[in-house]
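For clarity, every value in this text was computed on a predicted model and none was experimentally measured. Naming convention: chains lettered A, B, ... in sequence-line order (proteins, then strands); numbering from 1 in each chain.
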Protein chains: 2
Amino acid sequence: MQHAIAIGKVSAATGVKVPTIRYYEQIGLLPPPPRTEGNRRTYDRKDAERLTFIRHSRELGFEIDQIRTLLSLQDRPDQSCGEADVIAKARLAEVKEKIASLLALEAELERMVEGCSHGRVETCQVIEILADHGKCRHHQHEQ
Amino acid sequence: MQHAIAIGKVSAATGVKVPTIRYYEQIGLLPPPPRTEGNRRTYDRKDAERLTFIRHSRELGFEIDQIRTLLSLQDRPDQSCGEADVIAKARLAEVKEKIASLLALEAELERMVEGCSHGRVETCQVIEILADHGKCRHHQHEQ
DNA sequence: CTACATCCTCCAGTGACTATAGGAGCAAGA
DNA sequence: TCTTGCTCCTATAGTCACTGGAGGATGTAG
């Protein structure tokens with residue numbers, strides 16, 4: 001309760017939007033903070049750090065449930081960090097896969113765009129390639 | 001009505017799941033097909049082609065609204081394909097950006113995983129880097 | 001005292017599906 | 001003919017991680 005920070009301040013400090021902070025409290029990712037007499041949430045430095053941790057984890061693409069695990073690990077520093085390692089490695093594998101699929105996708109889009117004659121739709125490679133999957137090289141990727 | 005294909009068959013043929021086909025009909029991406037006496041949807045070759053077009057577009061990451069535009073262009077082949085080109089180019093730019101951000105992300109995850117001493121959480125780079133944003137190189141990317 | 005910013009709760013909406021409940025239709029084997 | 005089991009139907013709710021709006025209370029600067 002040393003530094004009673006308002007939700008807007010903590011939002012500005014951490015880069016997490018105000019409704020998102022309330023949402024994180026709602027789903028139990030952030031503990032419910034004490035309130036002022038006027039019922040306003042008051043945060044301290046530790047909460048801000050936790051939010052930074054969450055935001056950074058989200059930026060790295062971790063899911064909320066994974067962040068929950070990561071946070072609980074952080075709370076008990078004497079434990080083995082094996083679980084954190086497993087989560088990070090899994091995410092790394094996902095990212096590598098996604099990069100590969102996006103590179104294939106990039107190649108196909110390049111081909112489409114380059115093939116566009118800027119004429120009628122009839123002769124347009126963009127529409128043509130979308131319509132006929134046989135005309136395309138890549139096959140396996142999502143998003 | 002030549003080839004009256006059941007929804008399950010068209011699903012298997014195009015790789016679009018049955019509930020997804022019904023969903024596409026609901027949002028007006030696929031026209032409501034004729035029904036049998038027993039109220040079952042019957043598709044033809046043209047519908048299957050349209051579904052293939054949609055699936056391929058989704059695989060390339062186009063949004064439903066963009067696909068709507070792309071489909072309407074396909075329906076009127078005498079029009080200019082400039083719009084299709086714009087959509088494809090925009091998607092290509094997105095993909096390039098995403099690749100760049102994922103490469104940065106990959107680098108950071110590599111650093112985390114390599115830095116893990118497989119000991120206590122106290123000394124774990126994974127948790128450390130997540131907690132302290134200052135320890136990290138990258139700053140701007142989403143997902 | 002008066003604006004105005006910030007905060008509160010509650011509820012609904014986003015995109016693109018996916019799942020479930022509860023029932024009807026239909027083809028093939030016993 | 002009956003039954004088994006598959007496919008199909010509708011309608012509704014759930015997913016993920018937020019985001020937005022309504023309608024009202026509180027706090028602060030001039």
May I have the step-by-step check of side chain to side chain contact (heavy atoms under 4.5 Å, CB included) for Y43(B) and L51(B), ending in yes or no? CA-CA 11 Å; Y43(B) 297 97; L51(B) 274 171; 5.6 Å; no

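Within a 6.0 Å sphere centred on CD of E83(B), heavy atoms belonging to other residues, nucleotides or ligands number 12 at most.
Here the CD-CG distance, from E94(B) to L102(A), works out to 10.5 Å after rounding to the nearest 0.5 Å. To the nearest 0.5 Å, the span separating CD1 on I64(B) from CG on L70(B) amounts to 11.5 Å. Note: L73(B) CG to D85(B) CG = 11.0 Å, rounded to the nearest 0.5 Å.
When each of K9(A) and I64(B) is assigned the nucleotide of DNA chain C with its nearest heavy atom, K9(A) is the one assigned upstream, toward the 5' end. Both I54(A) and G8(B) lie near DNA chain D, and the one whose nearest nucleotide falls closer to the 5' end is G8(B).
Listed by first and then second residue, the side chain to side chain donor-acceptor pair (under 3.5 Å) pairs that reach into residues 62-73 of chain B are D65(B)-R68(B), S72(B)-R76(B), sequence neighbours excluded.
Formation of a donor-acceptor pair under 3.5 Å by the R58(B) side chain with backbone atoms of F62(B) is found in this model.
With a heavy-atom cut-off of 4.0 Å to chain B, the contacted part of DNA chain C has its first and last nucleotide at dA16(C) to dC26(C).
The separation between R55(A) atom CZ and dC18(D) atom C1' is 16 Å, rounded to whole Å.
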Using distance only, find each side-chain donor-acceptor pair of residues 20-35 of chain B under 3.5 Å and give its atom names and separation, not counting sequence neighbours.
| from | atom 1 | to | atom 2 | distance (Å) |
| --- | --- | --- | --- | --- |
| E25(B) | OE1 | R41(B) | NE | 2.8 |
| R35(B) | NH1 | N39(B) | O | 2.9 |
| R35(B) | NH1 | N39(B) | OD1 | 3.4 |

Side chains of residues 4-16 of chain B: which donor-acceptor partners sit under 3.5 Å, not counting sequence neighbours?
| from | atom 1 | to | atom 2 | distance (Å) |
| --- | --- | --- | --- | --- |
| S11(B) | OG | V16(B) | O | 2.7 |
| T14(B) | OG1 | V10(B) | O | 2.8 |
| T14(B) | OG1 | V16(B) | N | 3.3 |

Output one line per pair: protein atom, nucleotide atom from nucleotides 25-29 of chain D, and distance, for all N/O pairs under 3.5 Å.
| from | atom 1 | to | atom 2 | distance (Å) |
| --- | --- | --- | --- | --- |
| dT26(D) | O2 | R40(A) | NH2 | 2.8 |

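Taking every heavy atom of residues 13-31 of chain A and every atom of DNA chain C, pairs under 4.0 Å involve R22(A), by number.
Across every non-hydrogen atom of M112(A) and L130(A), the tightest pair is CE-CG, 4.2 Å.
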